[in-house]
Amino acid sequence: MANSNNSQEPIVPDMELFSAISDETRLKILMLLDQSEFTVNEIKDILDIHQSNASRHLSKLSSCKLLKDRRDGIKAYYGLSEELYLSSRILGIIREAYENLPDKEILKSHAEKILESRTDNSKGQIHKLNQAGGSLKAQINLFSKLMYPYEKAVDIGCGEGGDLSIMLAGRAKNVVSLDNNPKVISGLQKILKQKNISNVSPKVAEMTKTGLPPNYADLVLMSQVLHHANDPRLAITEAVRILKPKATLAILDLAPHNEESIRTTHGHIWLGFDKKQLEFFIKDLDCQIVSYEIIPSENEVDKKLPVVCMFLTKN
């Protein structure tokens with residue numbers, strides 16, 4: 001929990017903390033968990049250490065409030081704690097220390113392979129109205145606030161079919177549709193040709209590396225993609241980077257929920273976002289939240305999955 005003094009960060013430096021983060025193996029674990037959640041078995045495989053050693057290191061880090069864990073059936077997933085994310089000085093020191101790890105790129109590569117294996121079966125499901133968080137009510141709410149002409153719009157994580165990109169084609173002169181799955185982009189190109197839509201440009205790209213120039217877009221849309229990001233802060237930072245001054249970033253995603261099975265069925269990394277988290281992600285960015293709303297689903301299946309609709313403007 002945060003200290004009663006609001007100016008003080010939740011994690012206070014002490015000897016136990018420095019002892020915990022000075023160990024190379026524990027620093028590697030923190031680096032991995034800064035990418036995403038992992039189980040004990042996944043951590044021991046990535047680091048090539050015995051499971052008992054992995055458990056011992058995780059226990060040490062948890063005792064310093066650096067980690068949190070959650071259960072999904074018989075599995076326990078570990079991730080960085082909210083206290084650590086809110087302790088910017090400590091987190092900054094830890095992240096700087098990553099750079100001194102000689103095998104950091106190899107470890108990150110091994111971690112990415114594990115994350116890819118989790119999501120291989122879920123690619124192409126983003127933006128489907130019958131998928132988790134694909135509330136029609138939420139989509140209507142989003143577009144009711146986008147009834148303006150735009151010069152250049154970017155749909156980050158357009159998903160199979162590119163439904164929202166095609167809708168944006170009627171509002172913007174030019175739309176760039178991004179997705180990290182080449183099959184999704186290839187499919188969208190065929191759809192655009194069939195519909196004779198010429199102002200949408202599909203492109204294979206990661207949400208943290210769009211390849212677009214700074215101050216490019218009048219509108220950036222991120223609909224049901226942020227929960228797939230290893231680091232949502234980096235994804236939002238990239239979205240703000242490509243925005244023109246006074247332009248709009250629209251985020252539609254899940255509110256916090258407890259449907260753990262979605263991690264497996266849909267490849268979600270994050271179980272929704274609350275306003276406090278989103279404010280933390282943008283606190284160092286040159287933008288501000290102008291609208292934030294939680295929208296309950298209109299269908300029975302997704303009642304436990306309310307949606308957050310948030311609008312930001314770049315200063």
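Residue numbers start at 1 and run along the sequence shown.
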Problem - Ile185 with Leu192, same ILVMFWY side-chain cluster at under 4.5 Å - result: no
Exercise for the section: Could you tell me whether the side chain of Leu312 reaches within less than 4.5 Å of the side chain of Val240, counting heavy atoms only? Expected result: no
Exercise for the section: Quick one: closest heavy-atom pair of Asp274 and Tyr292, and the distance? Expected result: C-OH, 3.7 Å
Problem - Heavy-atom side-chain proximity of Ile11 to Cys64 below 4.5 angstrom - result: no
Handout entry: Spacing of CG belonging to Leu221 relative to CG belonging to Leu219, to within rounding of 0.5 Å
Key = 6.0 Å
Completion exercise
Interatomic distance, NZ@Lys152 vs CG@Leu168, rounded to 0.5 Å, equals 15.5 Å
Problem - Glu279 vs Lys276, salt bridge (Lys or Arg N to Asp or Glu O under 4.0 Å): CA-CA, chis, key distance, verdict - result: CA-CA 5 Å; Glu279 287 175 337; Lys276 184 178 179 181; over 6 Å; no
Problem - Passing candidate, side-chain contact (heavy atoms from CB on, under 4.5 Å) with Met222, options Ile156, Leu178, Val154 - result: Ile156
Practice task
State whether the side chain of Glu24 and the backbone N or O of Leu101 hold a donor-acceptor pair below 3.5 Å, judged by distance alone.
Solution key: no
Problem - Same cluster (ILVMFWY, side-chain, under 4.5 Å), Phe280 and Leu271 - result: no
Problem - Main-chain N/O of Ala111 paired to Gln35 side chain as donor or acceptor, under 3.5 Å - result: no
Problem - Heavy-atom pair with the smallest gap, counting every atom of Leu32 and Phe38 - result: O-CE1, 3.3 Å
Problem - His257 and His268 aromatic ring geometry - parallel, tilted or perpendicular at 30°/60° bounds - result: perpendicular
Practice task
Establish whether Ile93 and Leu17 are linked, either directly or via other cluster members, by ILVMFWY side-chain heavy-atom contacts under 4.5 Å.
Solution key: no
Handout entry: Polar side-chain atom of Asp103 near backbone of Ile106 as donor-acceptor pair, under 3.5 Å
Key = no
Practice task
Answer yes or no: is there a donor N or O on one side and an acceptor on the other, between the side chain of Asp179 and the main chain of Val184, under 3.5 Å?
Solution key: no
Exercise for the section: List the steps, then state whether side chain to side chain contact (heavy atoms under 4.5 Å, CB included) holds for Asn199 with Ile197. Expected result: CA-CA 6 Å; Asn199 64 330; Ile197 297 175; 3.4 Å; yes
Handout entry: Main-chain N/O of Ser55 paired to Ser59 side chain as donor or acceptor, under 3.5 Å
Key = no
Practice task
Please confirm whether the backbone N or O of Met207 pairs with a side-chain atom of Asn180, one donor and one acceptor, at under 3.5 Å?
Solution key: no
Handout entry: Leu234 reachable from Leu91 in the ILVMFWY side-chain graph, under 4.5 Å edges
Key = no
Practice task
Report yes or no: does Asp218 contribute a side-chain atom to a donor-acceptor pair with the main-chain N or O of Tyr150 at less than 3.5 Å?
Solution key: no
Exercise for the section: Taking the side chain as every heavy atom from C-beta outward, state whether Leu27 and Asn100 have any atom pair closer than 4.5 Å. Expected result: no
Completion exercise
Separation between CG (Asp45) and CD (Gln51), nearest 0.5 Å, reads 9.0 Å
Exercise for the section: Indicate the atoms forming the closest heavy-atom contact of Lys65 with Ser81, along with that distance. Expected result: O-OG, 2.5 Å
Exercise for the section: List the atom of Leu249, the atom of Ala239, and the distance in Å for their closest heavy-atom pair. Expected result: CD1-CB, 3.9 Å
Exercise for the section: State, with a plain yes or no, whether a side-chain heavy atom of Glu83 is found less than 4.5 Å away from one of Lys68. Expected result: no
Handout entry: Min side-chain heavy-atom separation Ile21-Arg26 under 4.5 Å
Key = no
Exercise for the section: First locate atom CZ of Phe273, then atom CE of Met310, and finally report the distance between them rounded to the nearest 0.5 Å. Expected result: 10.0 Å
Practice task
For residues Asp253 and Gln224, determine if any side-chain heavy atom of one lies less than 4.5 Å from a side-chain heavy atom of the other.
Solution key: yes
Handout entry: Exam field: side chain Tyr78 to backbone Leu58, donor-acceptor pair closer than 3.5 Å
Key = no
Exercise for the section: Walk me through it: do Gln288 and Asn315 pass the test side chain to side chain contact (heavy atoms under 4.5 Å, CB included)? Expected result: CA-CA 7 Å; Gln288 59 184 320; Asn315 295 330; 3.3 Å; yes
Exercise for the section: Of all the heavy-atom pairs spanning Pro13 and Ile90, show the shortest one and how long it is. Expected result: CG-CD1, 3.7 Å
Exercise for the section: Please answer whether the main-chain N or O of Asp155 pairs with a side-chain N or O of Ser165 as donor and acceptor at a distance below 3.5 Å. Expected result: no
Exercise for the section: Flag yes if more than 12 heavy atoms outside Asp14 fall under 6.0 Å of its CG atom; otherwise flag no. Expected result: yes
Problem - Chi angles and distances behind the side chain to side chain contact (heavy atoms under 4.5 Å, CB included) call for His110, Ile114 - result: CA-CA 7 Å; His110 290 167; Ile114 287 178; over 6 Å; no
Practice task
Heavy atoms only: give me the nearest Phe311-Ala250 pair and the separation to one decimal.
Solution key: CE2-CB, 3.6 Å
Exercise for the section: Measure the shortest side-chain to side-chain distance between Leu226 and Leu278 over non-hydrogen atoms and say whether it is less than 4.5 angstrom. Expected result: yes
Exercise for the section: With rounding to the nearest 0.5 Å, note down the distance linking CG in Asp34 to CG in Leu84. Expected result: 7.5 Å
Problem - Lys203 (side chain) donor-acceptor with Thr210 (main chain) under 3.5 angstrom - result: yes
Fill in the blank from the handout: Distance col, row Asp23:CG vs Lys60:NZ, nearest 0.5 angstrom, shows 9.5 Å
Exercise for the section: Check whether any side-chain heavy atom of Ile43 lies under 4.5 Å from a side-chain heavy atom of Leu33, and answer yes or no. Expected result: yes
Problem - Hydrophobic cluster membership, Val204 vs Leu188, 4.5 Å side-chain cutoff - result: no
Practice task
Answer with yes or no whether the side chains of Lys314 and Asn215 bring together a donor and an acceptor at under 3.5 Å.
Solution key: yes
Problem - Candidate pair Leu80 and Leu30, rule side chain to side chain contact (heavy atoms under 4.5 Å, CB included), full reasoning - result: CA-CA 7 Å; Leu80 299 189; Leu30 290 170; 3.8 Å; yes
